[in-house]
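What follows is a single structure, and I will ask about it in a moment.
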Amino acid sequence: MPELPEVEIVRQSLNKKIRQKKVKKVIIRNRNLRIKLPTDFKNFLENKTVFEVSRFSKYLIFNLTNEKFCLIHLGMSGTIHLINNKKKNKFTNLSFYNSPLLPKKHSHVEIVFDDFRIVYNDPRRFGFFQIIQNTLNLKKRFEHLGPEPFNDAFNIKYFENFIKKKNRCVKDLLIDQKFVSGIGNIYANEILFLSKIDPKKKIKSLSKNECSKIIIYAKKVLLNAIKNGGSSIRDFKNTDGHRGRFQNNFKVYQREGLTCKRSNCLSKISKKIISNRSTFFCNSCQN
DNA sequence: AAGAGGCCCTGATAGC
DNA sequence: TGCTATCAGGGCCTCT
């Protein structure tokens with residue numbers, strides 16, 4: 001599911017709710033995620049205070065006041081729901097599971113605070129939790145990842161240096177987290193459309209101007225998506241269980257056969273599998 | 001050693 | 001209605 005904007009939406013609402021709050025209890029319902037939930041997870045988190053919720057790339061980070069960290073990756077289908085503890089059904093005592101917005105199956109972990117709890121739900125189990133013991137290890141954890149698009153380190157010099165003599169296509173480059181982190185399949189499509197670059201184009205033949213455009217539009221598209229609450233294709237929900245709105249702004253993603261949105265362009269959007277993922281583009285605008 | 005491809009997993013949808 | 005096939009936003013591993 002979630003690329004950088006969706007994770008940021010989740011981060012913002014979580015941070016508002018749980019910063020400076022103490023974890024009262026952790027309920028583990030299913031340890032089977034992409035990485036098995038650590039055996040000491042419950043101990044690690046219970047009675048600790050969340051200093052703040054931050055994020056790097058597609059990773060959520062709970063910064064605890066004891067300088068330790070809990071990392072959450074949502075994989076493809078992970079969602080986090082905020083549920084009010086007090087709204088209990090007086091007969092069943094279980095009504096927080098009855099919310100129509102909370103999925104009935106696949107809730108793996110609940111982290112309980114005083115008057116509310118957060119529920120991690122992940123049908124496809126591509127997500128995971130990780131415990132990080134100190135700041136140095138946190139830094140090491142992200143060492144292999146490239147800068148986020150917003151970072152000054154993601155600049156033309158870095159770009160040109162990275163693509164030298166490489167034979168991959170530009171779509172492949174944009175979803176490579178070692179090059180730039182946070183962009184996934186949806187936003188790679190959108191960025192290349194706005195930059196007017198064919199996703200199949202080999203990166204060694206990108207002009208300086210094309211590299212600059214990618215840098216500019218990567219920032220623009222992601223920021224715009226954040227402003228619009230992220231994109232929901234099927235799974236993504238914010239912590240209130242509601243969908244994002246940015247999917248309504250897609251220029252190419254999932255628009256196969258529809259007319260290109262650029263004014264004066266009458267072409268239809270094409271779809272091809274590139275880098276093993278569905279790729280959408282306009283044949284006449286992007287070349 | 002870069003790059004292509006497979007795989008982890010469940011559920012929604014399409015086609016018969 | 002009910003089967004099967006295909007596809008999905010990520011990331012890691014293996015093979016060449």
Side-chain angles (χ1 to χ4, degrees), chain A residues 1-10 29-37 55-60 71-80 102-108 120-130 141-146 148 161-193 199-204 218 221-222 225-226 228-238 243-257 271-280:
Chain A
M1 124 194 156
E3 305 182 29
L4 186 153
E6 289 73 35
V7 180
E8 174 59 18
I9 294 301
V10 172
R29 305 210 176 270
N30 183 354
R31 289 185 184 273
N32 294 320
L33 290 166
R34 198 178 92 214
I35 301 171
K36 209 169 180 92
L37 199 77
R55 178 190 58 73
F56 179 74
S57 183
K58 304 172 190 173
Y59 299 81
L60 280 170
L71 213 114
I72 307 176
H73 196 292
L74 302 174
M76 295 273 255
S77 58
T79 51
I80 293 178
L102 180 65
K104 298 269 177 280
K105 289 167 74 178
H106 306 299
S107 284
H108 290 77
Y120 179 84
N121 184 285
D122 191 356
R124 290 178 72 185
R125 292 194 231 150
F126 286 152
F128 58 86
F129 289 68
Q130 268 183 320
R141 179 63 181 75
F142 298 130
E143 229 166 27
H144 66 296
L145 297 175
E148 290 191 348
N161 191 45
F162 195 95
I163 64 178
K164 262 182 216 158
K165 293 182 208 162
K166 293 206 174 89
N167 200 35
R168 314 155 70 185
C169 68
V170 62
K171 162 74 187 300
D172 207 37
L173 180 75
L174 283 192
I175 57 174
D176 180 356
Q177 306 299 301
K178 291 187 211 64
F179 171 61
V180 58
S181 53
I183 298 172
N185 195 39
I186 292 179
Y187 296 112
N189 280 289
E190 296 297 313
I191 291 163
L192 288 173
F193 174 80
K200 261 279 174 217
K201 184 157 185 168
K202 295 290 185 192
I203 58 179
K204 60 186 173 192
V221 170
L222 295 194
I226 293 169
N228 282 277
S231 307
S232 299
I233 304 304
R234 47 177 21 136
D235 294 324
F236 176 67
K237 301 279 184 354
N238 65 23
R243 292 161 59 80
R245 299 177 305 278
F246 193 69
Q247 64 279 7
N248 305 320
N249 297 21
F250 288 166
K251 307 282 189 206
V252 286
Y253 191 77
Q254 284 199 332
R255 296 196 67 247
E256 183 185 19
K271 176 182 176 182
K272 250 188 207 164
I273 302 296
I274 301 175
S275 320
N276 257 333
R277 311 226 184 257
S278 295
T279 305
F280 300 85

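The sequence lines fix the lettering, A, B, ..., with proteins before strands; numbering per chain opens at 1.
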Nucleotide B:dA4, atom P - distance to CG of A:Leu173 in whole Å: 12 Å
Write down the distance between CD1 (A:Ile163) and P (B:dG3), rounded to a whole number of angstrom. 12 Å
Integer-rounded Å distance: B:dA14 C1' and A:Glu256 CD: 14 Å
Please state how far atom CD in A:Gln254 lies from atom P in B:dA14, giving the value in whole angstrom units. 12 Å
Measure from the side-chain heavy atoms of A:Met76 and tell me the nearest of B:dG6, C:dG10, B:dG11. C:dG10
Would you name the heavy atoms of A:Glu148 and A:Val180 that are closest together and state the gap between them? C-CG2, 4.1 Å
Quick one: A:Leu74 CG to B:dC8 P, roughly how many Å, whole number? 22 Å
Any chance you could lay out the side-chain hydrogen bond (donor to acceptor under 3.5 Å, both in side chains) test for A:Lys171 and A:Asn185, step after step, and finish with the verdict? CA-CA 9 Å; A:Lys171 162 74 187 300; A:Asn185 195 39; 2.7 Å; yes
With heavy atoms under 4.0 Å as the rule, sort A:Asp172 into base, sugar-phosphate or nothing. sugar-phosphate
So A:Tyr253, base contact, sugar-phosphate only, or nothing? Heavy-atom distance under 4.0 Å. sugar-phosphate
Over all strands shown, is A:Asn32 touching base, sugar-phosphate only, or nothing at heavy-atom distances under 4.0 angstrom? nothing
Ignoring hydrogens and geometry, is there a side-chain-to-backbone donor-acceptor pair from A:Asn248 to A:Arg245 under 3.5 Å? yes
Calculate the interatomic distance between A:Lys202 atom NZ and B:dA2 atom C1'; express it in whole Å. 12 Å
Show, in sequence, the C-alpha distance, side-chain angles and deciding distance for A:Leu60 and A:Ile80, and conclude whether the side-chain contact (heavy atoms from CB on, under 4.5 Å) test is met. CA-CA 11 Å; A:Leu60 280 170; A:Ile80 293 178; 3.7 Å; yes
Nearest to the side chain of A:Phe126 - B:dC8, B:dT10, B:dG11? B:dC8
Answer for the Watson-Crick or wobble partner of B:dC16, both distances under 3.5 Å, is C:dG2
Which is true for A:Asn185 with a 4.0 Å heavy-atom rule: it touches a base, it touches only sugar-phosphate, or it touches nothing? sugar-phosphate
Between C:dG10 (C1') and A:Leu60 (CG): distance, integer Å: 14 Å
Rounding to the closest angstrom, what is the interatomic distance between B:dG5 and C:dC7 at atom P? 16 Å
Of A:His106 and A:Arg168, the one whose nearest nucleotide on DNA chain B sits closer to the 5' end is A:Arg168
Check against ring-ring contact (aromatic ring centres under 6.0 Å, His included), A:Phe142 and A:Tyr59: CA-CA 10 Å; A:Phe142 298 130; A:Tyr59 299 81; 5.2 Å; yes
For B:dA1 and A:Lys166 - does any side-chain N or O of the residue sit under 4.0 Å from the phosphate oxygens OP1/OP2? no
Which whole-number value in Å describes the distance from A:Ile233 CD1 to B:dA12 C1'? 14 Å
Test side-chain contact (heavy atoms from CB on, under 4.5 Å) applied to A:Val10 and A:Ile72, step by step: CA-CA 11 Å; A:Val10 172; A:Ile72 307 176; over 6 Å; no
Looking at A:Pro2 and A:Val7, what are the two nearest heavy atoms and their distance? CB-CG2, 3.9 Å
Tell me if the centroids of the rings in A:Tyr120 and A:Phe129 come within less than 6.0 Å of each other. yes
Side chain of A:Arg124, base of B:dC9: donor and acceptor closer than 3.5 Å? yes
Scoring nucleotides 11-16 of chain C by protein non-hydrogen atoms under 4.0 Å (B base, S sugar-phosphate only, - none) yields BS----
